[in-house]
Amino acid sequence: MKSNTGHRNDQGRVAEEGEEVCGEQLGAMENARKRCQAPSTSKSLMATEDDPYKIDPLIALIDMDCFYVQVELRLEPEWRGKPAIVVQYKTRHKGGGIIALSYEARERGVKRFHHADDAREVCPEVKVFVVPELHGKADLTRYRDAGAEVIRVMKKHFHCVERASVDEAFVDLTKEVKQLLPRYLSKELKLTPEALGSTCIAESHSVEAWLDQLYLKLEEDPEAFVASSVQLNNFALAIGAVLVNDLRQDIINVTEFHCSGGISYSKTLSKLACGLNKPRKQTVLPGNAVGPLFNKTNIIDVRMLGGKLGRSIIENLCISTMGELCKVEVPKLRQYFSEETARWLASLAVGIDNEPVQERDLPKSIGCSKNFLGKEALSTREQVKKWMEHFVSELSVRLKKDQAENNRSASLLTVSITYVKDPFKIKSGQSCSRCAPMTSYDNEAMVYDAFMVADRLLTSLGYRNGRYHYAVINLGISASKMRDGGFTASRIDSYFRGQKKKEVDDSQIFPGNKYSELKVKGRDASKIQLGKAKEVRERKGSITKYLNQASPRKDAQGGQASHHQQQKVRTEHMESKSDTETRLGQLLQATRSQRMGKVRRLFPARFTDEGGTRLGGRQRRRVPQ
DNA sequence: CTTGGAACGGTCC
DNA sequence: TGGACCGTT
Ligand SMILES: Nc1ccn([C@H]2C[C@H](O)[C@@H](COP(=O)(O)OP(=O)(O)OP(=O)(O)O)O2)c(=O)n1
Ligand SMILES: [Mg+2]
């Protein structure tokens with residue numbers, strides 16, 4: 001992947017194209033940034049007296065190496081340097097599914113889609129760490145907390161940090177780099193290979209040569225250098241690399257965790273760069289390297305193109321690399337995609353995504369869920385209630401911790417359910433979600449709300465002799481719409497609107513209605529007594545309004561989680577069973593064939609027709625030429 | 001027996 | 001807005 005053995009001429013030629021394109025992309029990026037009102041970068045191309053140097057936005061992506069494994073290795077360091085994996089549900093299928101694997105394990109041929117038993121087959125001495133279980137489900141707290149440790153270090157170094165996942169964050173380096181620029185240009189500070197540390201330069205063999213080249217140009221003609229956006233941007237990238245290297249070293253010092261980094265001009269490019277030299281390395285992706293790199297980059301491997309959209313591009317245009325996509329003109333793209341999508345793709349094909357780094361280091365939602373496949377599927381009220389209790393037990397602890405640490409409270413509680421007619425003869429599955437206001441972190445209140453919402457939906461789909469007509473194969477709850485501070489009377493009052501009669505008999509599931517006697521500690525009971533909260537559910541508020549439309553959808557729908565795994569498997573080019581080979585696969589196949597949300601906009605013409613065919617000729621909107 | 005989990009963020013209507 | 005759906009780790 002790294003070394004370019006042949007096609008020198010070809011790459012050289014495209015490199016020039018890339019350079020040219022990149023020069024143009026910067027202006028486009030800036031315009032889009034202004035539209036997006038990214039405060040820290042919106043003026044980056046504007047030279048003013050205070051800010052004499054025009055540089056493009058500089059974005060880094062930090063991604064922890066085999067993160068869950070590192071978390072386990074910090075707890076049991078004797079396994080460092082050995083093949084190791086982290087699995088979920090050891091007692092289940094084939095010793096549990098792998099969710100993280102060390103680089104030593106990767107060298108031995110272990111794959112993420114393997115199970116523990118598979119891993120032992122190809123690598124008998126592999127160390128298997130098992131995700132902790134609590135309340136009958138996997139408990140990822142350990143890894144979330146470790147991720148927060150890392151973010152904390154990042155915030156120490158940079159103001160604008162966007163938590164992208166449990167082990168990834170984007171950083172906007174623009175301001176910090178711009179501040180240092182004069183001191184580096186004046187030689188007060190010097191860019192050295194040592195300062196760059198574990199840096200690689202994409203499409204370049206040596207950091208030294210790259211730096212030498214940079215300084216050669218600076219010495220040659222300093223005025224021309226600072227006037228050249230290409231030179232200045234490369235210089236800025238190098239400064240960014242120093243800052244990111246320092247950050248990564250600090251992360252090691254503070255947390256013992258190693259990570260990789262990507263430094264470039266957009267989230268897309270930084271993410272791509274980060275993956276080029278994993279692990280324990282950071283990669284600078286300069287503008288002039290984008291073209292050559294894109295020539296060998298599969299479309300599927302680019303952020304946001306790893307799913308249906310990417311596959312449709314490949315199928316429709318009969319291409320496979322970003323370099324090829326770059327050569328496709330907007331009018332051609334318009335044959336298959338909407339105007340908006342076509343333009344967006346054309347930008348992305350030169351590395352522009354117009355996404356500012358958001359200053360957000362906390363998750364926006366906190367939730368938990370679990371699959372119940374085959375005989376595990378839930379079909380009684382008692383089962384659903386039991387699992388709601390488990391979920392709430394986990395969630396309330398996490399929410400209270402979040403409230404204490406971050407001074408915020410969730411205002412929305414969402415229940416999501418995937419259900420099928422027969423969990424053993426999966427022919428169609430449907431997923432849905434319902435929400436209720438969150439007015440306290442009281443366990444029983446949350447259980448009541450979550451269960452009532454779920455039960456109403458499932459009951460309305462059919463209920464007889466103590467069993468729902470549908471079996472629940474995935475159940476989850478999530479807290480979101482975070483607001484500053486704790487729960488206040490006015491906040492809770494705002495939920496009391498309208499009136500509606502109770503629709504479901506809860507007397508058997510909640511005997512004695514103990515729930516209505518609960519109170520929130522430390523609050524004005526007359527206002528926020530949970531008995532009042534219960535009224536919400538009996539009135540015509542946001543909950544019941546939607547329960548009335550509980551008729552099953554016609555489209556097939558499978559568990560989101562599983563569906564996503566499928567996406568991941570394809571993205572990583574890992575061989576695995578085709579969907580028709582397994583029962584679950586059939587469900588997932590149905591899932592993917594359903595209607596396409598955002599993608600309807602993205603694939604107006606062809607893809608839609610094909611989707612319609614798969615669905616049995618269902619008619620879809622066709623976008624005018 | 002059937003098993004590709006469990007979170008997240010975001011867009012669209 | 002809520003809810004369905006997509007993309008991602
Ligand atoms: N489908 C996935 C992908 C990832 N993870 C978890 C486990 C990983 O340790 C962590 C980070 O995901 P990465 O894709 O970044 O993978 P790693 O950090 O494990 O490896 P790498 O070194 O390739 O980044 O998120 C997960 O639970 N399910
Ligand atoms: Mg990682």
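So that the names make sense, note that chain A is the first sequence line, chain B the second, and so on, each numbered from 1.
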Using a strict cut-off of less than 4.0 Å between a Lys/Arg side-chain nitrogen and an Asp/Glu carboxylate oxygen, indicate whether A:E394 and A:R398 qualify as a salt bridge.
yes

For A:H114, answer base if it contacts any base atom (sugar-phosphate contacts may also be present), sugar-phosphate if it contacts only those atoms, and nothing otherwise; contact means non-hydrogen atoms under 4.0 Å.
nothing

Can you tell me how far P of B:dC1 sits from NZ of A:K375, to the nearest Å?
8 Å

Give a yes or no on whether a salt bridge exists between A:K271 and A:D63, defined as a side-chain N under 4.0 angstrom from a carboxylate O.
yes

Separation of atom CZ in A:R92 from atom P in B:dG4, rounded to whole Å
10 Å

Is there a side-chain contact between A:K364 and the phosphate of B:dG10, meaning an N or O under 4.0 Å from OP1 or OP2?
yes

Closest to side chain of A:L140, choosing from B:dC8, B:dA6, B:dG4
B:dA6

With a 4.0 Å limit, can you tell me whether A:R360 has a side-chain N or O closer than that to the phosphate oxygens OP1/OP2 of B:dG9?
yes

Pair A:Y468, A:D455: side-chain N/O donor-acceptor within cut-off below 3.5 Å:
yes

May I ask you to verify if any side-chain N or O of A:H115 is less than 4.0 angstrom from the OP1 or OP2 atom of B:dG5?
no

Among the nucleotides C:dT9, C:dA4, B:dA6, whichever has the atom closest to the side chain of A:R434 is C:dA4

Between A:E162 and A:K267, is the closest basic N to carboxylate O distance under 4.0 Å?
yes

Report the distance from atom NZ of A:K90 to atom C1' of B:dT3, rounded to the nearest whole Å.
17 Å

Closest-nucleotide 5' rank along DNA chain B - winner of A:Y68 and A:S478
A:Y68

Between A:R144 and B:dA7, is there a contact of a side-chain N or O with OP1 or OP2 at under 4.0 Å?
yes

Calculate the interatomic distance between A:E355 atom CD and C:dG7 atom P; express it in whole Å.
14 Å

Salt bridge or not between A:R408 and A:D402? Use side-chain N to carboxylate O under 4.0 Å.
yes

So which nucleotide from B:dA7, B:dT2, B:dG5 ends up closest to the side chain of A:F424?
B:dT2

In whole angstroms, how far is the P atom of B:dA6 from the NZ atom of A:K370?
5 Å

Just to be sure I understand the rule, does A:V415 reach a base, reach only the sugar-phosphate, or reach nothing, if contact means heavy atoms closer than 4.0 Å?
nothing

Side chain of A:C368 - closest among B:dA7, B:dC8, B:dC12:
B:dA7

Shortest side-chain distance from A:L412, nucleotide among C:dG2, B:dT3, B:dA6:
C:dG2

Given C:dT1, is OP1 or OP2 found less than 4.0 Å from the side-chain N or O atoms of A:K481?
no

Would you tell me if any nitrogen or oxygen in the side chain of A:S365 comes within less than 4.0 Å of OP1 or OP2 on B:dG9?
yes

Separation of A:E376 atom CD from B:dT2 atom C1', in whole Å?
12 Å

Tell me whether the side-chain N/O atoms of A:R311 come closer than 4.0 Å to OP1 or OP2 in C:dG7.
no

Could you tell me how far B:dT2 sits from B:dA6 if I compare only their P atoms? Round to whole Å.
16 Å

Between P on B:dA7 and CG on A:L134, what's the gap in Å once rounded to a whole number?
12 Å

Using a strict 4.0 Å threshold on nitrogen-to-oxygen distance, state whether A:R311 and A:E315 make a salt bridge.
no

Need to verify one output field. Residue with the more 5' nearest nucleotide on DNA chain B, A:G374 or A:E394?
A:G374

Contact class for A:E168 (heavy atom, under 4.0 Å): base, sugar-phosphate, or nothing?
sugar-phosphate

When you measure from the side-chain N and O atoms of A:S433 to the phosphate of C:dA4, is any distance below 4.0 Å, counting only OP1 and OP2?
yes

Which nucleotide in the set B:dA7, C:dG2, B:dT2 lies at the smallest distance from any side-chain heavy atom of A:C435?
C:dG2

Counting the atoms with a prime plus P, OP1 and OP2 as sugar-phosphate, which does A:G97 contact under 4.0 Å by heavy atoms, base, sugar-phosphate, or nothing?
nothing

Contact under 4.0 Å: A:K137 side-chain N or O vs B:dA7 OP1/OP2
yes

Taking atom types as modelled and ignoring hydrogens, do the side chains of A:E72 and A:Y143 form a donor-acceptor contact shorter than 3.5 angstrom?
yes

Return the value, rounded to whole Å, for the distance between atom NZ of A:K271 and atom P of C:dG7.
16 Å

Please confirm whether the shortest side-chain N or O distance from A:K308 to OP1 or OP2 of C:dC6 is below 4.0 Å.
yes

